[in-house]
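A short write-up of the structure that comes next.
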Amino acid sequence: MNILGDNRKIRFLFFLDEKKKVKKMDFLNVIKNAYIVDRVLNELEQGGYIIQKKEGVTIFVTLTEKGKAMVEQIKALEQAEIGMSKGEF
């Protein structure tokens, strides 16, 4: 699964990184389309980046270790890009 080419997946991973544990419905604050939220979350779960767990009637989403590692890799790439744009080599 290519995370780096998919802005929605990156946004979801960063949202989870910031919040740690999120109700599935809270992703509608990131993307207003419930179908897209379901599709992106299912793809991230199939890729091993997140876990969706039902607690009572609420589904909570958390990052896996693989998901946390991906967030760190993306942050490092962003920092490298910032450094390169400033001419820091």
Side-chain angles (χ1 to χ4, degrees):
M1 171 189 305
N2 184 7
I3 297 291
L4 297 178
D6 192 327
N7 189 46
R8 290 178 180 143
K9 289 177 183 157
I10 292 170
R11 288 172 56 195
F12 279 31
L13 291 175
F14 273 74
F15 185 66
L16 277 167
D17 184 55
E18 179 184 327
K19 305 288 185 185
K20 305 303 179 215
K21 184 177 181 180
V22 179
K23 292 179 187 175
K24 185 174 183 177
M25 295 305 295
D26 289 345
F27 284 94
L28 290 172
N29 295 323
V30 179
I31 294 178
K32 303 293 183 206
N33 184 312
Y35 171 78
I36 293 174
V37 167
D38 279 337
R39 191 187 65 171
V40 172
L41 289 176
N42 287 338
E43 288 174 4
L44 287 170
E45 187 171 43
Q46 288 173 357
Y49 297 98
I50 66 166
I51 295 171
Q52 298 184 73
K53 184 177 180 185
K54 190 170 185 177
E55 296 179 16
V57 296
T58 305
I59 297 173
F60 286 96
V61 183
T62 56
L63 287 172
T64 62
E65 290 304 315
K66 182 178 179 179
K68 292 174 188 175
M70 178 57 72
V71 169
E72 293 306 314
Q73 288 177 3
I74 295 168
K75 287 179 181 178
L77 288 171
E78 288 177 343
Q79 288 301 315
E81 183 178 313
I82 290 168
M84 289 178 69
S85 67
K86 291 181 179 180
E88 299 171 5
F89 296 97

Linking I/L/V/M/F/W/Y whenever any side-chain heavy atoms sit under 4.5 Å apart, do [X] and [Y] land together?
X   : Y   : answer
Y49 : I31 : yes
M25 : I36 : yes
V37 : V30 : yes

- Query: Can you check whether Q52's main-chain N or O pairs, donor with acceptor, with E45's side chain at less than 3.5 Å?
  - Reply: yes
- Message: For the backbone of V40 and the side chain of R8, can you confirm whether one donor and one acceptor N or O come within less than 3.5 Å of each other?
- Response: no
Inter-residue atom distance [X].[atom1] - [Y].[atom2], 0.5 Å rounding:
X   : Y   : atom1 : atom2 : value
L44 : L13 : CG    : CG    : 5.0 Å
T64 : I51 : OG1   : CD1   : 6.0 Å
K9  : I50 : NZ    : CD1   : 10.5 Å
L63 : F15 : CG    : CZ    : 11.5 Å

- For residues K24 and L41, report the shortest heavy-atom separation together with the two atoms involved.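 Nearest pair, atom of K24 first, then L41: CG-CD1, 3.7 Å.
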- Task: Could you tell me which residues satisfy side-chain hydrogen bond (donor to acceptor under 3.5 Å, both in side chains) with D26, sequence neighbours excluded, listed by chain and number?
- Result: none
- Message: Could you check whether atom NZ of K54 has more than 12 heavy atoms from other residues, nucleotides or ligands sitting under 6.0 Å from it?
- Response: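 Count not over threshold, so no.
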- Message: A side-chain contact here means heavy atoms from C-beta on lying under 4.5 Å apart; do K53 and T62 qualify?
- Response: no
- Quick one: does F14's side chain get under 4.5 Å of K75's, heavy atoms only? yes
- Query: Considering the options L16, I10, D17, which one meets the side chain to side chain contact (heavy atoms under 4.5 Å, CB included) requirement together with V71?
  - Reply: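 It is D17; the other options fail the test.
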- Task: Could you check whether the rings of F12 and F27 sit parallel, tilted or perpendicular, using 30° and 60° as the cut-offs?
- Result: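 Tilted: the ring planes of F12 and F27 meet at 30° to 60°.
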- Item | Ion pair check, K21 and E55, cut-off under 4.0 Å |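 Result for this pair is yes, salt bridge flagged.
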- Message: Could you go through K23 and I59, starting from their C-alpha distance and side-chain angles, then the distance that decides it, and tell me whether this counts as side chain to side chain contact (heavy atoms under 4.5 Å, CB included)?
- Response: CA-CA 6 Å; K23 292 179 187 175; I59 297 173; over 6 Å; no
